Number of protein chains: 2
Amino acid sequence: MSDKTTCDHIVEAADQLFYRQGYEHTSFSDIADAVQISRGNFYYHFKTKAEILDAVIDLRIGNTRKMLERWEGEAKHPEDRIKRYIHILLTNWSKIKYFGCPVGTLCTELAKLNHTSQEEASKIFTLFRTWLRQQFILLGHKKDADALAMHVLAWSQGVATLASTFHDKKFVSKEVKQMCEWLKSYTENATQTEYSTNQNK
Amino acid sequence: MSDKTTCDHIVEAADQLFYRQGYEHTSFSDIADAVQISRGNFYYHFKTKAEILDAVIDLRIGNTRKMLERWEGEAKHPEDRIKRYIHILLTNWSKIKYFGCPVGTLCTELAKLNHTSQEEASKIFTLFRTWLRQQFILLGHKKDADALAMHVLAWSQGVATLASTFHDKKFVSKEVKQMCEWLKSYTENATQTEYSTNQNK
DNA sequence: TTTGTTGTAGGACGGTCATCCTACACCTGC
DNA sequence: GCAGGTGTAGGATGACCGTCCTACAACAAA
């Protein structure tokens with residue numbers, strides 16, 4: 001906390017505001033108020049709003065990477081790891097209820113703005129995709145791993161979207177349960193022994 | 001075409017622009033340019049931007065209702081009707097590729113803006129939900145009908161979101177195929193005879 | 001012809017936005 | 001003490017936004 005720079009604080013505040021209000025609907029003043037900093041002083045840290053966005057995306061990529069690594073430490077079995085992903089829908093329910101999935105909603109917004117950082121934002125999705133794929137490979141689904149990863153991604157995305165529209169936790173719980181059952185059917189005939197903790201490179 | 005009022009043209013142009021650029025990112029000038037009308041003259045037709053949004057939502061509700069009725073005429077078997085819904089992902093691919101699902105993205109945006117018309121927009125979702133539920137009831141899944149409807153809704157939403165992020169048509173085709181297969185498993189043991197064309201009321 | 005309604009054109013308004021500039025406080029090294 | 005880098009404060013700028021107003025064209029009814 002003490003060693004965080006003003007720059008870090010700006011990016012963290014922007015991260016939250018972009019999630020809750022959207023990128024475009026968040027002004028410099030909003031961020032300035034959140035960080036308790038002079039509005040005009042932003043130029044010293046970030047030349048443009050797009051630069052803040054890129055920093056926010058980088059932050060999210062970093063945080064996601066850390067989270068995935070943590071999950072790998074906490075759960076050795078790939079099924080349990082994938083379950084961690086699925087369960088974000090419940091653990092982050094209080095936010096998802098109002099603002100949906102931070103990744104999906106950002107990508108959607110940037111697509112409509114035809115923003116330069118669209119591809120950069122999609123990298124957060126790709127991070128999850130690659131990680132999920134790796135888990136499915138470990139489960140023995142080498143050929144279908146990417147399709148399975150995309151399927152999990154899409155499923156959770158859809159649930160998040162409907163969750164924020166209807167604010168219905170029972171629906172989310174039901175879908176999470178279904179996803180876990182579906183996952184189980186892809187786990188049962190997998191060899192239990194040879195899971196490697198090593199990722200790609 | 002000839003009997004359309006200026007008002008209709010405004011709403012139709014706004015409908016398209018809200019879909020492609022988002023509600024907030026679309027200005028009065030944008031709509032005015034599209035309709036070839038004086039910018040300041042909007043006040044005569046719509047007192048506020050929110051009023052245009054409500055008109056757009058009403059238009060979408062009307063169009064959706066018409067489409068569902070058309071589907072009912074074209075397909076007598078509930079499975080085929082639900083398939084029509086699933087296949088929008090492919091028939092509207094050229095738009096979904098860039099802008100996602102018009103319903104989901106609007107609801108998501110309005111949620112972040114904390115806009116008054118959030119509930120109104122969610123009615124478009126509810127329209128699909130109710131219709132899908134009815135089809136599942138006709139398929140003999142009286143008890144689970146709503147959950148199944150929500151599942152189809154969520155699944156297609158997620159696919160649309162990832163489709164607009166990765167622009168990958170193969171993925172969409174694959175998921176559509178899977179959805180149809182999944183649907184089939186809920187159709188096979190349904191009684192083939194007694195499908196009623198009558199809806200609720 | 002006059003009156004009134006309906007619709008349009010174009011610009012004025014107050015506000016907000018991203019951006020940019022300048023003045024100033026703080027600190028470190030000389 | 002002084003110079004120079006680092007960070008901050010606060011306001012200026014110009015563009016754009018939603019909103020609103022007024023003048024005017026077109027047409028129908030009186």
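Bear in mind the structure is a predicted one, so any value in this text is a computation, not a measurement. Only heavy atoms go into these numbers, but all of them, side chains included; no hydrogens, no water, no symmetry mates. Below, chains carry the letters A, B, ... as their sequence lines are ordered, and counting in each starts from 1.
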Exercise for the section: Apply the test side chain to side chain contact (heavy atoms under 4.5 Å, CB included) to residues A:H115 and A:L53: give CA-CA distance (whole Å), side-chain angles for both, the deciding distance (0.1 Å), then the verdict. Expected result: CA-CA 10 Å; A:H115 199 282; A:L53 175 62; 3.3 Å; yes
Problem - Length of the OH-P vector between A:Y44 and C:dC26, whole Å - result: 16 Å
Practice task
Grab the CD1-P distance between A:I31 and C:dT16 for me, whole Å please.
Solution key: 17 Å
Handout entry: Side-chain N,O (B:T6) to OP1/OP2 (C:dG7) below 4.0 Å
Key = no
Exercise for the section: For the pair A:F136 and A:V152, evaluate side chain to side chain contact (heavy atoms under 4.5 Å, CB included) and give the outcome as yes or no after the intermediate values. Expected result: CA-CA 11 Å; A:F136 279 110; A:V152 171; 3.8 Å; yes
Handout entry: Atom pair distance, as rounded to whole Å: NE2 in A:H25 and P in C:dA18
Key = 11 Å
Problem - Six-ring centre of A:F166, B:R129 cation under 6.0 angstrom, axis tolerance 45° - result: yes
Practice task
Name the orientation class of the two ring planes belonging to A:Y98 and A:H167 (parallel below 30°, tilted from 30 to 60°, perpendicular beyond 60°).
Solution key: tilted
Handout entry: Gap between atoms CD and P, on A:E51 and C:dA18 respectively (whole Å)
Key = 14 Å
Completion exercise
With B for base contact, S for sugar-phosphate-only contact and - for none (protein heavy atoms under 4.0 Å), nucleotides 18-27 of chain D reads SBBB------
Problem - Sub-6.0 Å ring centroid separation between A:H151 and B:W155 - result: yes
Practice task
Verify the neighbour count for atom CD of A:E51: are there more than 12 heavy atoms of other residues, nucleotides or ligands below 6.0 Å?
Solution key: yes
Fill in the blank from the handout: Sorted by number, residues from residues 106-113 of chain B placing a heavy atom under 4.0 Å from DNA chain C are none
Problem - Donor-acceptor contact below 3.5 Å, side chain B:R60 vs main chain B:D15 - result: yes
Handout entry: Gap between atoms CD1 and P, on B:I10 and C:dG7 respectively (whole Å)
Key = 11 Å
Practice task
Tell me whether the OP1 or OP2 atom of D:dT6 has a side-chain N or O from A:H45 closer than 4.0 Å.
Solution key: no
Exercise for the section: Check the angle between the aromatic planes of A:Y85 and A:W71 and answer parallel, tilted or perpendicular using the 30° and 60° thresholds. Expected result: perpendicular
